[in-house]
Amino acid sequence: MTCRDMILSEEFQDFLTYYILPEGTLTEEVSGDAFCFVPVSGRLWSVYFNRQNLPPLSFSGYQYRYVTELYGLEDEFVWGTQGQRFDPQPLNASGITQLQGEPLSLTGRNVVIGFADTGIDYRNPVFRRQDGSSRILAIWDQTDQSGMPPEGFYYGSEYTREEINAALSLENPLEAVPVTDENGHGTRMASAAAGSAINGGLDFLGAAPDADIVVVKLKQAKQYLLDFYLIPEGVPAYESNDIVLAVKYLNSFVIPFVRPVCICLGIGRSFGDHRSNSALSRYLSEVGSDINRVVVVSGGNEGNAAHHYAGTVTERESEEVEVRVGEGTRGFLMEIWGNLPSYFSVMVRSPGGEEIPVISSRLEQEVEYSFVYGRSRIRIDYQLNDPATGGEVAVVRLEEPAAGVWTFRLVQESAGYGAFHMWLPIRQFVEGSVEFLRPNPDSTLTAPSYAEDVLGVSAYNSRNNSFYVNSGRGFALDGRIKPELAAPGVDISVTSGMLRGSTVVAAASGTSLAAAITAGGCAQFLQWCVQDGNYPDINGTGLINFFVRGAARDASQSFPNRTFGFGRMDMVGVFDWIAGIGRG
């Protein structure tokens, strides 16, 4: 059985882990029909094991931290209407259009912007040059197994610029390059970040209209994971394994000191320690700290979802947390994180008054309970020492919950004050409605925007400088300032497709669009640094520092803060700072 078969098969379980293999353990990535190891970087491996050799996917089978993470999309799309016009205002507010003209002429020339998302409509004019040729260097479609995968990878099909250009000459390009974007999210992001100037920029213009583009179309997560996380049918969800390999592929297009790469991710999840300890976050930090690479990640749209709760209780005291569950909710997972030296026990009471008695977390066991009234089933898995953080995490999985208010009482078992945080899934990962009655909007950025050396972006409305109500907020729980910046993310002009060969302009909102505009600004700056020879060894950390120094900050606010980070992205402000021009 090949590694490709294992990666695609539901019979194989996926893991993303840092692990040192003893020398001589494997002579190839594939070992019989039992497992496959795909190297990512250093000790990081994407691993696929035959599920026949593993316990069933449950908390008791192995620790929850080994269950592959799932990520969702982060924008809210509004269809275009006939006669809708391109609006350059968000690009103007970011200082992007001002730099596209003389004297700097920063259009992303010879810079690559890479996307790991839902694909791209490569036929759209906004991804072509004036001569009709494509600006897309390559597409790796993980969902298409009809062609050859990229070198060093085992699945999907890669299509080069030459193949794309040849396809564009055909009456039906999809016959030669069958890459589509059924969702449209990836196309919207790429158009905002790097759309070509149509009609001199009057009909459409992206932030970096001359940048090269590389796209990975992520494959949908395996069904066993969708079932475990209770993801509603038809909702896009992507595995950390596929995302990491996509980033590795995008990163391969860098040519140090010649062609830099900006990687833009508009995906996220609300679970995790809200620091930077996941395998995906650590890998993004590694990529972002290398020369001529920058990673931009959207901060998510969970700020107004009522999906975060924060509390503090003293020794032997307790706090009751109420969660309202709507009718028709299939179920959900919830994570409870305690800070050292705290550890908690959890009691659960259903809307009908049935209770699960308090069980000490010291036992580090799984508790499973079926309620007498109704079909509700609950599992609670206690992990007293999370290997990455040292803190306690309890994972609650509630199936077929009765509608009404569920009560979770946390009892502090250690001395002193015990701080804890609780998170529900991102809103589209819940079928129905689930929310805390007393939510906390802070620390609602989604992972992996918490990663170090990665530019995490929130969203604001550039027409009145108000913060986007749905945008995630900081800070990271280890005290780091996240997000670093806010960028326009409300009513952003994007392309939603074509009509009789012409680009259809639409509006979209969300932090993924803010990340896309930021990625375009990064491409402008990378052109100035690398292509124009002003700072040829820049890396993501250095770029973030420049952007922070040049950010726009209102006198009415103190900075940094949890919404705007260090301020609003301002590309003119960055170059004013470099030139030593005062901002007033």
Flag the pair [X] / [Y] as yes when at least one side-chain heavy-atom distance between them is below 4.5 Å, and no otherwise.
| X | Y | value |
| --- | --- | --- |
| R480 | S276 | yes |
| I517 | P90 | yes |
| L73 | T118 | yes |
| V296 | C522 | yes |
| F467 | S458 | yes |
| R269 | F429 | no |
| V457 | P483 | no |

message: side chain to side chain contact (heavy atoms under 4.5 Å, CB included), that's the test. Do V321 and F420 meet it? Break it down for me.
response: CA-CA 11 Å; V321 181; F420 67 92; 4.2 Å; yes

Listed by chain and number, what are the side chain to side chain contact (heavy atoms under 4.5 Å, CB included) partners of [X], not counting sequence neighbours?
| X | value |
| --- | --- |
| P149 | R4 |
| L437 | E322, R324, V405 |
| A516 | M189, A192, A193 |
| F49 | F15, F35, F37, V47, L54 |

message: Run the ring-ring contact (aromatic ring centres under 6.0 Å, His included) test against Y229 and tell me which residues pass, sequence neighbours left out.
response: none

message: The criterion is ring-ring contact (aromatic ring centres under 6.0 Å, His included); which residues satisfy it with F408, sequence neighbours excluded?
response: none

Under 3.5 Å, is there a donor-acceptor pair linking the side chains of [X] and [Y]?
| X | Y | value |
| --- | --- | --- |
| E158 | Y249 | yes |
| N301 | S471 | no |
| Y369 | R377 | no |
| E182 | T180 | yes |
| R293 | N251 | yes |
| W337 | H274 | no |
| Y155 | D5 | no |

Any sub-3.5 Å donor-acceptor pair from [X]'s side-chain atoms to [Y]'s backbone N or O?
| X | Y | result |
| --- | --- | --- |
| E435 | V323 | no |
| R397 | L230 | no |
| Q13 | Y48 | no |
| Q220 | A237 | yes |
| R51 | E10 | yes |
| T495 | V505 | no |
| S376 | A402 | yes |
| E431 | R330 | no |
| S509 | D491 | yes |
| H307 | W423 | no |

- request: Mind listing the closest non-hydrogen atom pair of V430 and P232 along with its distance?
  value: C-CG, 3.7 Å

Can you measure from [atom1] ([X]) to [atom2] ([Y]) and round to the nearest 0.5 angstrom?
| X | Y | atom1 | atom2 | answer |
| --- | --- | --- | --- | --- |
| T329 | E399 | OG1 | CD | 13.5 Å |
| L398 | M334 | CG | CE | 8.0 Å |
| Y460 | T511 | OH | OG1 | 14.5 Å |
| F115 | T187 | CZ | OG1 | 10.0 Å |
| L280 | Y71 | CG | OH | 4.5 Å |
| I136 | I164 | CD1 | CD1 | 5.0 Å |

- request: Check the pair L70 / F228 against side chain to side chain contact (heavy atoms under 4.5 Å, CB included), numbers first and verdict last.
  value: CA-CA 11 Å; L70 295 189; F228 177 81; over 6 Å; no

Contacts of type side chain to side chain donor-acceptor pair (under 3.5 Å), residue S41, not counting sequence neighbours: E286

- request: Verify whether the ring centers belonging to F153 and W140 lie closer than 6.0 Å.
  value: yes

field: N-O pairing of K219 and D242 below 4.0 Å
entry: yes

query: Under a 4.0 Å N-O cut-off, is there an ion pair linking K217 with D181?
result: no

- prompt: Given L477 and S443, is the side chain to side chain contact (heavy atoms under 4.5 Å, CB included) satisfied, shown in steps?
  reply: CA-CA 7 Å; L477 291 192; S443 299; 3.5 Å; yes

- request: Take the angle between the ring planes of H421 and H308 and call it parallel below 30°, perpendicular above 60°, tilted in between.
  value: parallel

query: Between L225 and V67, is a side chain to side chain contact (heavy atoms under 4.5 Å, CB included) present by the stated rule, with each step listed?
result: CA-CA 8 Å; L225 285 170; V67 180; 4.0 Å; yes

Taking only residues two or more places apart in sequence, or in another chain, which ones meet [X] in a salt bridge (Lys or Arg N to Asp or Glu O under 4.0 Å)?
| X | answer |
| --- | --- |
| D141 | none |
| R473 | none |
| E368 | R379 |
| E400 | R375 |

- prompt: Of N241, T68, T17, which is the lone residue that meets side chain to side chain donor-acceptor pair (under 3.5 Å) with S46?
  reply: N241

message: Counting neighbours of CD on E151 that are heavy atoms of other residues, nucleotides or ligands and sit closer than 6.0 Å, is the number greater than 12?
response: no

I'd like a table of donor-acceptor pairs (distance under 3.5 Å, sequence neighbours excluded) in which one partner is a side-chain atom from residues 445-452, with atom names and distances.
| unit_1 | atom_1 | unit_2 | atom_2 | d |
| --- | --- | --- | --- | --- |
| T446 | OG1 | E74 | OE2 | 2.6 |
| T446 | OG1 | G299 | O | 3.4 |
| T446 | OG1 | G300 | N | 3.4 |
| S449 | OG | T446 | O | 2.5 |
| Y450 | OH | L445 | N | 3.2 |
| Y450 | OH | L445 | O | 3.1 |

